Amino acid sequence: MSETTIPAWQVPAPPERLERVSRLYTYAVVGATGAVGREVLAILAERGHPISHVRAIASERSAGSSMTYGDSEVPVASLTSDSFAGIDIAIFGASAEVAREYAPAAVRAGAIVIDNSSAFRMDPRVPLVIPEVNGKELDGTPSLIANPNCSTILLLVALDPLRRAFGLERIHVATYQAVSGAGLAAMEELREQTGAMLAGRDATPRVFKEPCAFNVFSHDSTVNEADGVNGEERKIIEESAKIWNERIPLTPTCIRVPVLRAHSQAVSVTLREPASVDEIREVLRAAPGLRVIDDRAANDFPTPRKATGGDQVLVGRIRHDPANPPDAFGRSRHLCLWLSGDQLRKGAALNAVQIAERVISRSSG
Ligand SMILES: NC(=O)c1ccc[n+]([C@@H]2O[C@H](COP(=O)([O-])OP(=O)(O)OC[C@H]3O[C@@H](n4cnc5c(N)ncnc54)[C@H](OP(=O)(O)O)[C@@H]3O)[C@@H](O)[C@H]2O)c1
């Protein structure tokens with residue numbers, strides 16, 4: 001069949017791409033100058049990846065600049081369809097349009113592509129992966145892997161252990177999303193507006209329609225006029241169903257808050273089997289990627305500040321829903337919790353790097 005009838009990412013990556021005697025890999029980071037791309041470079045260096053070369057790629061605007069990678073500076077090249085020659089793993093942190101245009105070229109050049117944008121997430125041919133939840137999707141070494149939306153990742157890292165232990169029947173979530181979810185320009189907007197408003201000047205929104213300093217507003221994604229659900233909420237609903245391969249009724253309300261970095265979520269769940277708060281804490285403490293901070297006496301719970309820069313999703317305020325009190329054994333099916341997680345790390349860059357690690361470990365194991 002011709003290349004036009006078989007999308008490149010349907011073809012499993014050729015094993016020889018990852019069967020290198022040296023076990024050193026070449027990486028490309030597309031969008032290396034952006035909020036996610038910078039974090040990818042930092043995490044690759046921190047985690048001591050077996051890397052022989054990192055190619056930093058962005059738009060023409062950034063060509064000729066450089067980015068920090070560990071102790072060195074790497075030059076930034078502009079993206080072209082020739083950018084991926086000799087690249088083993090390409091992590092995309094640019095727009096969906098850029099991914100649609102260039103990810104197929106990267107795959108054709110022999111790279112395994114991990115894309116942070118929404119371009120391929122709902123494509124049934126492309127695995128949508130949170131390694132802790134459905135890492136087995138990587139077993140066939142696909143050539144193109146989609147990273148889920150940041151809010152989806154944080155929610156499912158926290159809820160998947162409960163789904164496995166007790167079953168999940170119903171989920172409500174309200175998000176408190178940091179401005180950096182909309183990229184570097186949005187972080188700059190919050191800094192500028194905060195300074196302006198403290199100095200008594202007006203804040204003029206550019207990235208967001210509403211002022212983001214000293215304000216809280218409904219998520220800036222497009223609202224579906226027919227049902228009132230916005231794009232971010234739709235992503236959480238649809239991506240969760242794809243990742244879990246099960247459609248658990250899920251009601252999200254997505255909100256932007258004047259926080260620079262790390263999203264938080266207030267979550268209420270109905271379990272299939274009743275559980276006590278201690279049992280929930282125990283399950284969450286044993287789960288990968290989570291840290292329980294749940295000290296009622298000290299009023300010490302997750303915050304975006306505590307989550308910023310960290311790899312774990314912080315979970316706390318674990319309690320029975322007061323509208324559905326526990327039974328005589330201290331168990332109920334209705335639980336509430338609160339979480340905070342660094343969406344630039346676990347919600348994007350770290351998850352992508354963990355996918356790369358898993359692909360590499362499969363090929364060398
Ligand atoms: N921010 C988050 O928390 C988050 C979480 C999950 C997923 N994502 C997704 O990750 C992607 C990146 O988001 P971000 O927050 O990092 O955005 P960002 O800070 O605005 O960075 C965008 C990056 O894309 C590059 N870029 C733009 N146009 C390009 C082009 N034509 N060719 C090559 N590179 C181009 C930019 O390069 P220049 O500097 O040269 O313009 C920059 O490096 C988006 O798809 C976003 O939806 C973001």
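Keep in mind that what you see is a predicted model, and the values were worked out from it rather than measured. Keep in mind that the numbers below use all heavy atoms, side chains included, and drop hydrogens, waters and symmetry copies. Whatever order the structure lists ligands and atoms in, that order sets their numbers, starting from 1.
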Exercise for review: Tell me which part of L184 gets within contact of ligand 1: side chain, backbone, both or neither, using heavy atoms under 4.0 Å.
Suggested key: both
Point to revise | Flag, side chain of R55 to backbone of S83, donor-acceptor distance under 3.5 Å | key: yes
Check your understanding: Is any N or O atom of A182, backbone or side chain, closer than 3.5 Å to an N or O atom of ligand 1?
Key -> no
Study note, to complete from the structure: Scanning both residues in full, the closest heavy-atom pair of L128 with N147 reads CD1-C, 3.9 Å
Review point. Passes side chain to side chain contact (heavy atoms under 4.5 Å, CB included), M67 versus E73? Steps please.
Key: CA-CA 5 Å; M67 294 301 297; E73 293 288 306; 5.8 Å; no
Check your understanding: Can you tell me the protein heavy atom closest to atom 17 (O) of ligand 1 and the distance?
Key -> G183 CA, 3.9 Å
Exercise for review: Could you give me the CA-CA distance, side-chain angles and deciding distance for H263 and Y176, then say whether ring-ring contact (aromatic ring centres under 6.0 Å, His included) is met?
Suggested key: CA-CA 6 Å; H263 292 348; Y176 300 65; over 10 Å; no
Check your understanding: Any protein heavy atom under 4.0 Å from atom 46 (C) of ligand 1?
Key -> no
Revision key, fill the gap. Closest to atom 7 (C) of ligand 1 (heavy atoms only, candidates D115, N116, D342) is N116
Review point. Quick check: are there more than 12 heavy atoms from other residues, nucleotides or ligands sitting under 6.0 Å from CG of D227?
Key: yes
Exercise for review: Please identify which atoms of ligand 1 are closer than 4.0 Å to at least one heavy atom of S117.
Suggested key: 45 (O)
**Study point:** Closest candidate by heavy atom, reference atom 41 (O) of ligand 1, pool R61, R345, R261
**Key:** R61
Practice item. Measure from the side-chain N and O atoms of D321 to the backbone N and O of R333, and report whether any donor-acceptor pair falls under 3.5 Å. Key: no
Review point. Should the ring pair F92 and F84 be called parallel, tilted or perpendicular, given that the plane angle runs from 0 to 90° and is split at 30 and 60?
Key: parallel
Check your understanding: For ligand 1, which part of S180 has a heavy atom less than 4.0 Å away: the side chain, the backbone, both, or neither?
Key -> backbone
Practice item. Look only at interatomic distance and state if V36 has a nitrogen or oxygen under 3.5 Å from any nitrogen or oxygen of ligand 1. Key: yes
Point to revise | Element-labelled atoms of ligand 1 that are located less than 4.0 Å from some non-hydrogen atom of L344 | key: 1 (N), 2 (C), 3 (O)
Check your understanding: Does some non-hydrogen atom of V98 fall short of 4.0 Å from ligand 1?
Key -> yes
Revision key, fill the gap. With I89 as partner, the option from I51, T26, I360, V113 fulfilling side chain to side chain contact (heavy atoms under 4.5 Å, CB included) is I360
Practice item. Take every heavy atom of A185, measure it against each atom of ligand 1, and state whether any distance is under 4.0 Å. Key: no
Practice item. If you have a sec, work out which protein heavy atom is nearest atom 25 (C) of ligand 1 and how many Å separate them, to one decimal? Key: G31 CA, 3.9 Å
Check your understanding: Are L154 and I248 joined in one hydrophobic group, where the rule is that I, L, V, M, F, W and Y side chains link up if heavy atoms are under 4.5 Å apart?
Key -> yes
Exercise for review: Enumerate the atoms of ligand 1 whose separation from the nearest heavy atom of S62 is less than 4.0 angstrom.
Suggested key: 38 (P), 39 (O), 40 (O)
**Study point:** ligand 1 N/O within reach of S118 N/O, cut-off under 3.5 Å
**Key:** no
Exercise for review: Output yes when a side-chain donor or acceptor of K242 lies under 3.5 Å from a complementary backbone atom of R121, and no otherwise.
Suggested key: yes
Exercise for review: With atom 44 (C) of ligand 1 as the reference point, say which of G93, A94, A58 has the nearest heavy atom.
Suggested key: A94
Revision key, fill the gap. Restricting to heavy atoms, the pick from S83, A348, S59 nearest atom 35 (C) of ligand 1 would be S59
Check your understanding: Any idea which protein heavy atom is nearest atom 21 (O) of ligand 1, and the distance to it?
Key -> G34 CA, 3.2 Å
Check your understanding: Between F217 and R256, is there a cation-pi geometry (under 6.0 Å to ring centre, at most 45° from the normal)?
Key -> no
**Study point:** For T33, atoms of ligand 1 separated by under 4.0 Å from a heavy atom
**Key:** 36 (C), 37 (O), 38 (P), 39 (O), 40 (O), 42 (C), 43 (O)
Check your understanding: Between E239 and R234, is the closest basic N to carboxylate O distance under 4.0 Å?
Key -> no
Review point. Is the shortest N/O to N/O distance between P148 and ligand 1 below 3.5 Å?
Key: no
